[in-house]
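Just below is one structure, and these are the notes that go with it.
Source: prediction; values computed, not measured. Throughout, protein chains are lettered first and strands after them, A, B, ... in sequence-line order, and every chain is numbered starting at 1.
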Amino acid sequence: MVDFGGWELPVQYRPGIVEEHLRVRETAGLFDVSHMGEVLVEGEDAEAWLQGMVTNDVRSMHDGQVLYSLLCYPNGGVVDDLLIYRYDPRRYFLVVNASNAQKDYEWFAGHASGNVRVTDRSADYAELALQGPKAQQILQRLTKFDLGTIPFFHFAEIPDLAGMAALVSRTGYTGEDGFEIFVPWTGGTDLWDALLDAGKPEGLLPIGLGARDSLRFEACLPLYGHEISVHISPLEADLGRFVRLDKPFIGRDALAAMTAGGVPRKIIGLSMEDKGVPRAGYTVRTSGGTEIGTVTTGGFSPSLGTGIALALLDASHCDEEEFHIDIHGKGRRAKRVKKPFVRKRYHK
Amino acid sequence: MMAKVQEGLFYTETHEWVRVEGRKAWIGVTDFAQHAMGDVVYVELPEVGRTVSKGDDFCVVESVKGANDVYAPLSGKVVEVNDALEDSPERVNEDAYGSWIAILELSDPSESAQLLTWEAYRTFVAETERKEG
């Protein structure tokens, strides 16, 4: 067990990180992500207000849709990344990172204006994520609701899922098809047991934090504090497609200036040519030895069987093919590769 | 679940095992260590010929979880390394006591008296496991 933003979570269950990781890619895995924060935004002005708070285009959403977005400081640094669920233009459900939940709530509440009410609902919900190509097949055993009618990045309120009311979205943090399921806090353990039971034929496994990280890393999904932070803007993190500079929002001017002046650093994908495993914080150099940045996430890819890294580098060197990473005092060769490391297999 | 402790070997509190024969010492990581590390994916072997002092970090066992330093249990010169681990690092998980990492030629064999006996290490591991639940 490790402390994760004040929550005690297992790094791995009995099978271990590699087996858990591969099970999600091959069939399915179950994650307890009840530590995630939930914030409810309600009121006549909810849509207009939220549009001015986040980087992505809230106004383009329709009811039942989910949108990935970033929340920025005026200087373009990142407060957090989040998922926005639209019930209707007067009611949104926001899902934020556990480690930032309190900060995010205070940020939203501190900026609330007009007819907008912001409520921290983190204590009310348990959240489970069922991920992998067999996720729908397993989840369907617990409800009459036709899960095939929920498109990618959409959600439904299901009155009876294993006997309880649930909010179910076709979203996740693995690069695989799958669902994230919100139920009342007290229902979390019952749903956990019901899902593990329902998934027995497919060999469904519970998945710890270790594989949660390696799965999202292979799919190049950002992790706050690594690829995005107070000091790393969404543009540097290569998340420009979630930033709409054609509308006002907090941080917009700084990000527009960064776009105009040229984004100074960029996150690229690297794969080890030499042996060794890159880790977050390791120094990255040109093949000539000039220091040009650091690894934001590194590790051994269970799917590819090699060491891989996301690295934040001076933009002027990002197009080079070969780099050196300082690993245990030696420069090890790595080559630039396309992101994501592993192809996403969403249900679209 | 009690990690395996092999009779007849010497041990350290940082979970290395040592087999001493005359002036030579075979060194590896214990069953407790491989459990704690999880899936081992690479062993960064020390260089043959390198001189190490007791307590130096002299090689790294990389697992999916992270990088784990291995400390020299005794002082001496690295005279041989287990090249087989280069291609089959998972052997550390499968058979921790069969997977020696390096052989040291000891500069001071009397240091061995400071190592834990297998009985003492067994007690140490049991206490550690109890504390960690």
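In Lys339(A), the NZ atom is crowded: over 12 heavy atoms of neighbouring residues, nucleotides or ligands sit closer than 6.0 Å.
Atom CG of residue Leu209(A) and atom NZ of residue Lys65(B) lie 11.0 Å apart, to the nearest 0.5 angstrom. The line from CD1 of Ile327(A) to OH of Tyr42(B) is 8.5 Å long, rounded to the nearest 0.5 Å.
Between Ala67(B) and His328(A), the closest heavy-atom pair is CB-CE1, 4.1 Å. In plain terms, the two heavy atoms of Asp39(B) and Val18(A) that are nearest each other are OD2-N, 3.1 Å.
Between Lys275(A) and Asp87(B), at least one side-chain N (NZ, or NE/NH1/NH2) sits under 4.0 Å from a carboxylate O, which counts as a salt bridge. Using a 4.0 Å cut-off between a side-chain N of Lys or Arg and a carboxylate O of Asp or Glu, Arg332(A) and Glu44(B) qualify as a salt bridge.
Heavy atoms closer than 4.5 Å to chain B are found in the side chain of Val11(A), but not in its backbone. At a 4.5 Å heavy-atom cutoff, the contact between Val60(B) and chain A is made by side-chain atoms alone.
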